[in-house]
Amino acid sequence: MHTQTLAELARGLAAGAFSSRELTEALLARIQAHDGALNSFITVTPERALAQADAADAARARGEFGVLTGLPIAHKDIFCTQGVKTSCGSKMLDRFVAPYDATVVAKLDAAGMVMLGKTNMDEFAMGSSNESSWYGPVRNPWDVRAVPGGSSGGSAAAVAARLLPAATGTDTGGSIRQPAALCGITGLKPTYGRVSRWGMIAYASSLDQGGPLARTAEDCALLLGAMAGFDARDSTSAGAPVPDYRAGLEAGLDGLRIGLPKEYFGAGLDAGVARAVEAAIDEYRRLGADVVEVSLPNAQLAIPAYYVIAPCEASSNLARYDGVRFGHRCEAPRDLVDLYTRSRAEGFGAEVQRRILVGTYALSAGYYDAYYLKAQQIRRLIHEDFRRAFEHCDLIAGPTTPDVAFDLGEKADDPVALYLADIYTVAVNLAGLPALSHPVGDKGGRPVGLQLIGPAFAEARLLNAAHRFQLATDWHRRAPQGFA
Amino acid sequence: MSMGPEQVAATAQLARLALRAEDVPAVAGKLSAILDLVEQMNAVDTAGIVPMAHPLELSQRLRADAVTESDRRADFQAIAPQTADGLYLVPRVLE
Amino acid sequence: MEWEAVIGLEVHTQLATKSKIFSGAATAYGAEPNRQACAIDLGLPGVLPVLNAEAVRMAVMLGLAIDATVARRSVFARKNYFYPDLPKGYQISQYELPVVARGHLDILVDGVAKRIGITRAHLEEDAGKSLHEDFQGLSGIDLNRAGTPLLEIVSEPDLRSAQEAVAYLKKLHQLVVWLGICDGNMQEGSFRCDANVSVRPKGQEQFGTRAEIKNVNSFRFVERAIEYEIERQIELIEGGGRVVQETRLYDPDRDETRSMRGKEEANDYRYFPDPDLLPLVIEDSFIEQLRASLPELPQAAFARFVRDYGLPDYDAATLTAERATAGYYEALVAATGGEARLCAKLCANWVMGDLAAALNRAGLPIGESPVPAEALAGLLGRVLDGTLSGKLAKEVFGAMWAGEGTADAIIAARGLVQLTDSSAIDTLIDDILAASPKQGEQYRAGQDKLFGFFVGQVMKASKGKANPQQVNERLLARLKG
């Protein structure tokens, strides 16, 4: 059962081939057996899962079910789950049990999905390697010496290792697409505002967006349909109606214009990754797409702008962790300042502290214009670049990452080197666009991902293209050795 | 631009992060490297460009003025480090 | 040297919404600690703010009432600082683009009118409260107030004395209560004032260094705090010292301001647009709709009361101090009828006199008067038509207040109709004169003051019901005759 996709499992449940309880028990056993090597889960919730599975089976027996009823899911530990710890990968929230559910959690619960647990992640979603988690690094199932990417590394590794078919993630600068690429799975970052941020712990509010990680575009379509939608509790939630993302999956790609930004194929891109990406583009040509060159002239400014805007917002978003109302509190504080400074220094890891410091500095008197305002101006330039590019194409394609997964510890002491792993992904967040990564090859046994970027609210187009690609190829079906 | 130890200490104070004195130089080094990276922004002239604070260039939605929340003090204080008589406790706030 | 004070006021008005500015928690005052603080007010992880429409409507109303510009687009920003009563570590406020800018309010001090500029008014959330009671050496934090909507109204430094400052403050207080956007309760903190005070040699254009006096919560204390602070600064400068820019706290017990050292450590609020909230856009149609529904403002009502009712300034000002009083008065005049000027003045006297006194004794607002305007009109009609004397009217009013019924019902039940029948009055006079021959002789002998004795006797005999004017006239005629 563990090798099947959500869509396949849905058919199995519908046909009565197995029950949700049987499926849940099988996957829980698989997590138990294999996650020791990966550390992809922070919390596994067997009792809750089995109770949900039984409820799903009962609902199905009564005839009250949808396509997702009884199917398994895990949530990145950034989504608040009432009654189950939500740590955000941080010591700060090691004992935090939210008194409410995130909208994404509530929606997938309501759709009848069975939550198996909460997945590991970079602390407060700050990282591209999953090494900043207080719960220890996650390992890449394709090669346990390698990182899975981050920050949704636990979700990506668990799905790639067939511990379960799908998981949720969040993407602030590539945190769904980059680990999806490094783990050889499919991940979708929706348009900003498409998925509610209520109950999703904030890193950088104007960039954060939740989305699905799965093995296929079809499964991403299934999940996005249930996750997306207007939420009155999120002022930045989009009112646009949610289409049926599965309806258009099968459409042919004849005449689809795919733009290749020349800036994404220059220096810094690994040759092996470039070969795999170019082969994938050829496959798209065979499927009927027209490939054109486009330009994103300010692409090289995305990383600098992102590493101002995200830390600025983070420095403010993370001010609430002060040891007063929830979260870690230091022992025997002498006074208020001691309570704040020690609780925060003890509760936050090094990378989180670094980003708080960078953001605090960039917003402080005398620096605001040179950093924050400048970055927001560049953000507009980047947004304009995409707008102009989409006058010439329907989708933009390129590598998701400049190289395949690197080794654990390789960039651990060099934050700037790690930041550059996001070079092709952050611009999308600055512009608020939807983008998807799907597997298209490998280099030395480590997967390569192709990124497809669409105009705002063009998720259906991204999913359609990736689905057609997956009907014609089998990269998405390949399983890491030992996890087949 | 490089960030000196004094600036790092002042920023840490503003951010309420206790930094051990012996860690300051290393932190300063990493922060300076990050600032060097972000200052690549200066390569482009942005005079006259309207800053973009948000990818959704929409306007704020308003909610009706209605009380929709009920008292959940017990739930909320169950996760609090220290409370008494319904109050959150902190070291004395000096007037 | 002659000194001049320069004062600007920042007033925090709590807006009278039912729910908080960014959450659905109640704003009612006086709940047990933290029972009205929801997940959003507490700043728990993952929560998000959504703006209350009513707070926006109230801000726009104020903007229109002070003839200000209402921003078609304003932005919420985060003001970042750590304090236990500030759960998120930042306050959501408006910084560069406030919702209201460039208005004014006219004040009157010692008969001189003056226009005070209002720089801006912006929406923001209130903080919670630190309670300094001793919990084993700790402070307790109550976040019920956190997230209550505030409209911060910032004046230009146009005020030149404590008296002007208080006049401005009272005028603003009257306006926000009149508009119904604030309950005005200063004890409960619904209307709080910070004063920026500096002094400069008279004639000098440049401002002196200012001190900010925080959170003064009564008109009297504002006046005293500013007066003290002006004195302190002048003495300091004349003694060779310099004013330092700082925050000071007024201590009403010792009648002095003192520095809040320590709390002021180099604030750097790192304002930036709140990414959880989008720009607030206010459409012209919304503004026009509100403008059309705006009530008559106190200034205009005052002018109209003087003009249309012929009232003295004092009466018009008193009756338009509160919208409810003005409304009561107008309803009373309309229902009473009769000769316009006579009626208007009689009504004014009653509203400011017996009614105000009774309400004051009972601690009731005029809107909850047990004698509504229509009922009081029934009484005053009987005064105007001569049925009741002033004295009897007071007696009837007392009975009406006690709930004994309408004026006419009480007059009938108690037989209180004024005696105006001339022959009946003559009979009473004749009886008294017959019973007091000695006093009659003395009066005729020139003891004029005995006239009062006769009047008193006649009134007593009539049980107070005889029309006093008629008694006077007829008695005089008889005694002369």
Side-chain angles (χ1 to χ4, degrees), chain A residues 95-97 99 192-193 206-207 232 235-236 238 298 300-301 303-305 307-308 315 319 322-327 329 333-342 344-345 348 353-354 356-358 360-362 364 371 373-381 383 415-416 419 429-433, chain B residues 1 3 7-8 10-20 23 26-28 30-31 33-63 72 74-83 88-94:
Chain A
R95 280 180 289 180
F96 176 69
V97 178
Y192 185 86
S206 77
L207 304 165
S235 297
T236 63
N298 296 290
Q300 81 288 357
L301 296 175
I303 288 270
Y307 279 99
V308 171
S315 70
D322 60 5
V324 176
R325 297 162 319 286
F326 55 86
R329 178 182 209 149
R334 286 188 308 281
D335 54 33
L336 259 183
V337 170
D338 188 44
L339 166 71
Y340 290 147
T341 58
R342 215 145 43 82
R344 289 165 61 77
F348 293 138
Q353 293 195 38
R354 254 193 306 273
I356 290 174
L357 289 171
V358 168
T360 302
Y361 182 72
S364 64
Y371 291 112
L373 223 51
K374 180 91 182 176
Q376 300 289 34
Q377 289 174 314
I378 287 175
R379 182 177 201 172
R380 184 169 300 279
L381 293 178
H383 185 261
V416 170
Y419 294 177
N429 299 79
L430 292 171
L433 302 176
Chain B
M1 196 178 117
M3 216 171 153
Q7 275 174 311
V8 171
T11 306
Q13 167 65 16
L14 203 50
R16 295 293 186 274
L17 286 170
L19 260 188
R20 288 183 307 180
D23 293 338
V27 172
K30 288 205 168 80
L31 295 184
I34 295 168
L35 292 178
D36 285 342
L37 172 75
V38 305
E39 279 164 15
Q40 290 172 15
M41 293 192 302
N42 295 331
V44 64
D45 179 13
T46 52
I49 308 282
V50 180
M52 186 175 175
H54 217 276
L56 276 185
E57 293 200 280
L58 299 173
S59 61
Q60 177 60 31
R61 198 179 59 250
L62 305 177
R63 46 169 264 275
R72 293 189 62 198
D75 292 343
F76 295 147
Q77 299 204 340
I79 53 171
Q82 199 179 2
T83 59
Y88 294 98
L89 297 189
V90 296
R92 272 187 92 85
V93 177
L94 299 174

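Just so you know, these numbers use all the heavy atoms, side chains as well, and skip hydrogens, waters and symmetry mates. Just so we're on the same page: letters track the sequence lines, and every chain starts at 1.
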Proximity breakdown for [X] and chain B, heavy-atom pairs closer than 4.5 Å:
{"X": "S235(A)", "answer": "both"}
{"X": "R329(A)", "answer": "side chain"}
{"X": "A375(A)", "answer": "both"}
{"X": "L207(A)", "answer": "neither"}

remark   = Of the listed G48(B), A12(B), A15(B), the one with the largest count of heavy-atom pairs under 4.5 Å with chain A is A15(B)
key: Best-contacting candidate, N42(B), D75(B), V8(B), I34(B), against chain A by heavy atom pairs under 4.5 angstrom   = I34(B)
query = Taking the inter-plane angle between the rings of H54(B) and Y192(A) on a 0 to 90° scale, is it parallel (under 30°), tilted (30 to 60°) or perpendicular (over 60°)?
reply = perpendicular
What part of [X] gets closer than 4.5 Å to chain A, counting heavy atoms only: side chain, backbone, both or neither?
{"X": "Q60(B)", "value": "side chain"}
{"X": "R72(B)", "value": "side chain"}
{"X": "V27(B)", "value": "side chain"}

query = In terms of heavy-atom pairs under 4.5 Å, which option from N298(A), N429(A), L339(A), V324(A) contacts chain B the most?
reply = V324(A)
inquiry  = Heavy-atom pairs under 4.5 Å with chain B - which of F96(A), Y419(A), Y307(A), F348(A) has more of them than the others?
reply    =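 Option with the greatest count: Y419(A).
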query = Does the side chain of Y361(A) reach to within under 4.5 Å of the side chain of M3(B), using non-hydrogen atoms?
reply = yes
